[in-house]
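A short worksheet on the structure shown next.
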There are 2 protein chains.
Amino acid sequence: MNSVYKALADPTRRKILELLRDRDLSAGEIAAHFDLAKPTLSGHFAVLKSADLIQADKVGTTITYHLNISVLEEALLPLINTFNLTSPNLLFWREDFDEQ
Amino acid sequence: MNSVYKALADPTRRKILELLRDRDLSAGEIAAHFDLAKPTLSGHFAVLKSADLIQADKVGTTITYHLNISVLEEALLPLINTFNLTSPNLLFWREDFDEQ
DNA sequence: TTGCTATTTTGCTAAATACCGAAATAGCTG
DNA sequence: CAGCTATTTCGGTATTTAGCAAAATAGCAA
């Protein structure tokens with residue numbers, strides 16, 4: 001998932017994801033956390049959307065963004081697994097589970 | 001930390017890291033895996049080095065690159081922890097590191 | 001020394017990216 | 001309808017990036 005890694009390369013976008021971890025936020029609420037113009041943030045939303053990392057839900061004139069955490073997981077776990085970045089027990093446990 | 005994410009944003013560099021996971025490789029050996037000119041690869045090595053993701057050891061005329069896995073860990077674990085990316089069921093989605 | 005090998009540095013494009021202000025879109029309300 | 005709000009799209013610039021060929025560096029060996 002190259003688009004996910006590209007999306008994560010920018011600190012503003014990582015911060016947006018972090019904000020959305022706590023709760024869904026509108027574009028304006030997110031923009032309030034940054035010293036950047038709204039069109040700039042809108043561009044970041046588009047990058048995150050095209051990587052499928054966030055989802056937009058429009059109600060009236062407000063667009064609420066929601067974190068798509070499973071996409072982040074799907075993209076990063078291959079990396080984590082390739083480099084054994086977590087305890088190997090996890091994989092062990094999973095294999096045990098499989099046998100049942 | 002930002003430099004690590006920037007380094008990971010390019011698929012060629014992710015592939016280089018993946019190659020170095022198995023064993024240390026010289027610049028030329030790495031270059032043989034790609035259809036890119038050597039100066040281009042050399043530029044990628046420089047990016048990975050400045051992110052401290054790899055280490056260069058020169059013996060004679062050969063430069064051998066070594067993966068600095070702890071730097072990758074240190075950079076990614078905050079992300080993994082922030083988003084609680086360790087649920088074991090997701091190991092089902094394991095796929096080749098840079099597939100698509 | 002000369003030549004060969006491994007690799008980087010230089011100098012240059014083309015493409016991508018981040019940013020902004022202004023304009024456009026779209027929904028709401030009086 | 002007109003005006004207000006939320007957000008995006010448009011058009012532009014400045015910076016960064018990925019790529020290459022050619023030149024430079026550096027070690028080795030005849």
Side-chain angles (χ1 to χ4, degrees), chain A residues 1-20 23-68 72 75, chain B residues 1-20 22-68 72 75 97-98 100:
Chain A
M1 273 291 151
N2 195 38
S3 62
V4 173
Y5 287 103
K6 284 271 180 68
L8 290 174
D10 185 274
T12 298
R13 288 192 292 266
R14 291 199 302 276
K15 180 74 178 172
I16 291 170
L17 295 178
E18 200 187 335
L19 291 170
L20 290 175
R23 62 184 185 87
D24 294 356
L25 292 168
S26 70
E29 287 172 322
I30 296 171
H33 286 83
F34 299 91
D35 192 24
L36 294 170
K38 284 180 178 175
T40 300
L41 268 299
S42 188
H44 286 308
F45 300 151
V47 171
L48 292 168
K49 258 189 296 182
S50 84
D52 208 29
L53 283 166
I54 63 174
Q55 181 193 322
D57 295 295
K58 186 168 185 176
V59 173
T61 177
T62 296
I63 299 177
T64 297
Y65 285 107
H66 172 81
L67 179 63
N68 231 343
L72 192 60
Chain B
M1 173 140 324
N2 194 38
S3 62
V4 173
Y5 287 103
K6 284 272 180 70
L8 290 174
D10 184 274
T12 298
R13 288 193 291 265
R14 291 199 303 277
K15 181 74 178 172
I16 291 170
L17 295 178
E18 196 189 343
L19 291 170
L20 290 175
D22 294 333
R23 63 185 183 87
D24 294 357
L25 292 168
S26 70
E29 287 172 321
I30 296 171
H33 285 84
F34 299 91
D35 193 24
L36 294 171
K38 282 177 180 176
T40 300
L41 269 300
S42 189
H44 285 308
F45 300 151
V47 172
L48 292 169
K49 257 189 297 184
S50 85
D52 208 29
L53 283 166
I54 64 174
Q55 181 193 322
D57 295 295
K58 186 169 186 175
V59 174
T61 177
T62 296
I63 299 176
T64 297
Y65 285 107
H66 171 82
L67 179 62
N68 232 342
L72 192 59
F97 178 41
D98 207 40
Q100 163 65 346

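First the proteins, then the strands, lettered A, B, ... as listed; each starts at 1.
- With values rounded to the nearest 0.5 angstrom, A/D57 atom CG is found 12.0 Å from A/T62 atom OG1.
- Across residues 32-46 of chain B, B/K38, B/P39, B/S42, B/F45 each have a non-hydrogen atom less than 4.0 Å from an atom of DNA chain C (numbered order).
- For the pair B/H33 and B/E29, the tightest heavy-atom approach, listed with the atom from each and the gap, is ND1-O, 3.0 Å.
- In this structure, CG of B/L48 is placed 14 Å from C1' of D/dA18, rounded to the nearest angstrom.
- You'll find the side chain of B/R14 reaches within 4.5 Å of the side chain of A/N2, heavy atoms only.
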One pair to check against side-chain contact (heavy atoms from CB on, under 4.5 Å): A/D24 and A/Y65. What are the steps and the verdict? CA-CA 6 Å; A/D24 294 356; A/Y65 285 107; over 6 Å; no

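- For the contact set between residues 52-64 of chain A and DNA chain D, defined by any heavy atom under 4.0 Å, the members are A/T61, A/T62, A/I63.
- Every residue was checked against the side-chain contact (heavy atoms from CB on, under 4.5 Å) condition with A/T61, not counting sequence neighbours, and none meets it.
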Test log, rule side-chain contact (heavy atoms from CB on, under 4.5 Å), inputs B/V59 and B/T64: CA-CA 8 Å; B/V59 174; B/T64 297; 5.9 Å; no

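- Atoms CG (A/L25) and P (D/dT7) sit 11 Å apart, rounded to a whole Å.
- Of all nucleotides in DNA chain C having an atom under 4.0 Å from a heavy atom of chain A, the first and last in 5' to 3' order are C/dT17 to C/dC28.
- If you take CG of A/D10 and P of D/dT15, they are 17 Å apart, rounded to a whole angstrom.
- Computed from C1' positions of five pairs at each end, the angle between the two local axes of the helix from C/dT1-D/dA30 to C/dG30-D/dC1 equals 10°, rounded to 10 degrees.
- Side chain of A/Y5 to main chain of A/A75: a donor-acceptor pair is present (N/O by atom type, distance under 3.5 Å, no hydrogens or angles).
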Using residues 37-54 of chain B as the side-chain source, report each donor-acceptor pair under 3.5 Å to any protein atom, sequence neighbours left out, with the distance given to one decimal.
residue	atom	partner	partner atom	Å
B/H44	ND1	B/R13	NH1	3.1
B/S50	OG	B/V47	O	3.3

Could you walk me through whether A/H66 and A/R23 satisfy the side-chain contact (heavy atoms from CB on, under 4.5 Å) test, starting with their C-alpha distance in whole Å, then the side-chain angles of each, then the deciding distance to 0.1 Å, before giving a yes or no? CA-CA 8 Å; A/H66 172 81; A/R23 62 184 185 87; over 6 Å; no

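- When each of B/L67, B/I63, B/L19, B/I16 is tested with B/L25 by the rule side-chain contact (heavy atoms from CB on, under 4.5 Å), just one qualifies, namely B/L19.
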